[in-house]
Amino acid sequence: MGKINKLDSNVYNKISAGEVVERPASVVKELVENSIDAGATWISVNVFGGGLNEITIADNGEGISKEDLPVAFLPHATSKIKTVEDLFDINHLGFRGEALASIASVSNVYIKTKTALDEIGNSLEVNGGKVGIVQSCGANQGTVISVRNLFFNTPARLKFMKKPKGEENEVTAIMTKLVLANPHVAFDYYCEGNKVFSSTGKGLYEALCAVYPDEIIDNLIEVNKTKGDFSIYGFVSNSLYSKGNRSYQTFILNGRVVNNQTISTAIQNSYSDYMMKRSYPVVTLCMDMPTSSVDVNVHPAKSDVRFADSSLVFGFIYSAIKDAIDKDNAQKLEFSFDNENKTETQNITADSVYQPSKVEEGAISNDIQVESSSKHVLRASESAVPYYIPTYNPTPNLAEEIKFDIPGVEEKIEQTVIEEDISYSIVGQAFGTYLFLEYKGELLIIDQHAAGERIIYNKLMDEVKRGAPAIQPLLLPYVFSVNSKECEILEEQIPHLLEIGIEITPFGLNAFKIDALPGYLVDIDFDSFVKDILSDSSLRGREPSVIKEKLAYTACHSAIRGNDYLNDDGIKTLIKSIFEAGLPLQCPHGRPAYVKFTKSELEKMFKRIV
């Protein structure tokens, strides 16, 4: 090993710049956060050449005094903290004192600034880390800083930059998040001198309207939850709206935009009942929590954080979003029949509602008249099968385990029956799959399988959540080993797992055994099941995803199928049962259960309205 050398500040700053200043977007983030920490209520950002040529940021903050101006560009110079104890109570976006020094070491910087106490402003130039002389200049209160020729003295870094338009897109993405994270601040954002967007600083909803198109805004629902020292507020997309990636997700923790796996997983899992795979919700959430409960000093970019209790944070975010989605869905499901007609309650047997026989494709009754070889049903006689409500046909090993309104059960049930003269009119069925009805000036097209699948799934999940499931002891317990971390996770989960019928007990050092399971899980893959429990450990009180997958599979195979042709009575019975259960928005796998068209939308399609 050679002689140990002490690096001079020029070399050190360039090394530090590699961590803090990855690209022009990083410069924008650091400088805008400095403006916010300075108390600015208005910030203007102008970018040229994707930020590689020039980035100019102006604000109306408190400014920098003449004495502090050259000091601000020294490494680890900051006004945010003074002692090591301050690291445990960080209330500012910046605190490490690296940003300005790092940026100035790889660019040409010009800054002019004025405080409320100064009669005149002051300016300074820093070129490649070399600090010039402070000079007097005319200026308004606040700061204007221009960063030019970024990475001019580090060609290796410059070589890995995207084309200007690509870097501009990165800046726009970070500006979007900064606007959403600081809804009390008015922003003006320009590229090549052209305004991209602006916000007025009048709250989060206004900020969302400033950066997102109407299509997204129209599909947002509000989230608002407080528990102890934790609070969360913001907007997320409803269960029917999604994007193909996570770029529309912004999470703000104590005013800081952060990325964290616990947060991302909590968000995605809260939509697990509603969205298809590789679909991602739009999310903008602001969470406040005690600074002592989170460590933001993980990385120089301060984008990642660590929590003192990840499980608590996970559960809080998950329940806040899930509650908002469920509330929104419940409101959408309130299809209030214009019940001027009276309803009557009568006793009916399960047999009179459920008819588990199924018209297989190619086995349609001869009494059903079809047009040549077409499968489209024109008219069905009374001898055709009057189909049933979406039902649940358990497999033999499940029949004794889950007690539902199973076909053939001879006990009587009470049900509110809405009289025939209700506010929808049935149009019919198409392709043996889609039900058409006119309802309150709209045409509803219902996927009979997706709707039935969701109804059955909800019943199954309710049964699980009610507790006390029938337990089936295993003839041979399944024994598995875990490491020390997994052992801690599992021990925390055992009480909840027992509540839903999963008996797991310690079996020696870092080993456990599964002694019994609820009947609907007896045929699972145990290896996958254990991995699933461990991966879901931070959910605290939520059923492992393998249970939802199993119940969704059962619901899918129990519900009325596509290509099941119904006669008139069957269609009436099915639609009535769907409405009485609450017309579901989507199946457990995320497919929509229905779509709707207004009269005006149909008239536009047919050019009646231009």
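All values below come from the heavy atoms of this structure, side chains included, with hydrogens, waters and symmetry mates left out.
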Evaluate the ring planes of F314 and Y318, with Trp represented by its six-membered ring, and classify them as parallel (under 30°), tilted (30 to 60°) or perpendicular (over 60°).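 F314 vs Y318 ring planes: parallel.
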Are [X] and [Y] close enough that some pair of their side-chain heavy atoms sits under 4.5 Å apart?
| X | Y | result |
| --- | --- | --- |
| P506 | F512 | yes |
| I174 | E170 | no |
| T284 | V236 | no |
| L574 | Q448 | yes |
| I504 | I502 | yes |
| D288 | I232 | no |
| F597 | I445 | yes |
| Q429 | F436 | no |

Distance alone, cut at 3.5 Å: any donor-acceptor contact between the side chains of T265 and Q261? yes
When you check the side-chain N and O atoms of N238 and D328, is any donor under 3.5 Å from an acceptor? no
Would you name the heavy atoms of [X] and [Y] that are closest together and state the gap between them?
| X | Y | result |
| --- | --- | --- |
| A181 | V257 | CB-CG2, 3.5 Å |
| L180 | I252 | O-CD1, 4.0 Å |
| R454 | P588 | NH2-CA, 3.6 Å |
| I267 | S270 | O-OG, 2.5 Å |
| T291 | N254 | CG2-ND2, 4.1 Å |
| S310 | T262 | O-CG2, 3.7 Å |

If I take atom CG from residue L437 and atom CD from residue E442, how far apart are they, to the nearest 0.5 angstrom? 10.5 Å
Interatomic distance, I263 atom CD1 to Q268 atom CD [nearest 0.5 angstrom]: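 CD of Q268 is found 14.0 Å from CD1 of I263.
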Partner residues of [X] under the side-chain hydrogen bond (donor to acceptor under 3.5 Å, both in side chains) criterion, sequence neighbours left out:
| X | answer |
| --- | --- |
| Y478 | D527 |
| T172 | Y189 |
| S239 | N329, Q586 |
| K327 | none |

With ring-ring contact (aromatic ring centres under 6.0 Å, His included) as the rule and sequence neighbours excluded, what pairs involving residues 224-257 come up? Y205-F235, Y212-Y248, F230-F316, Y233-F235
For [X], enumerate each residue passing the salt bridge (Lys or Arg N to Asp or Glu O under 4.0 Å) test, keeping only those at least two apart in sequence or located in another chain.
| X | answer |
| --- | --- |
| D326 | K322 |
| R591 | D447 |
| K243 | none |
| K225 | D323 |

I'd like to check the side-chain contact (heavy atoms from CB on, under 4.5 Å) partners of A593; sequence neighbours left out, ordered by chain and number.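 Here the qualifying residues are A450, A451, P584.
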Looking at residues at least two apart in the chain, or sitting in another chain, which of them share a side-chain contact (heavy atoms from CB on, under 4.5 Å) with S247? N245
Write out all pairs satisfying salt bridge (charged side-chain N to carboxylate O under 4.0 Å, His left out) with one or both partners inside residues 500-519, taking only residues at least two apart or from two chains.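 Every salt bridge (charged side-chain N to carboxylate O under 4.0 Å, His left out) pair that includes a residue of residues 500-519, provided the two are not neighbours, is K513-D515.
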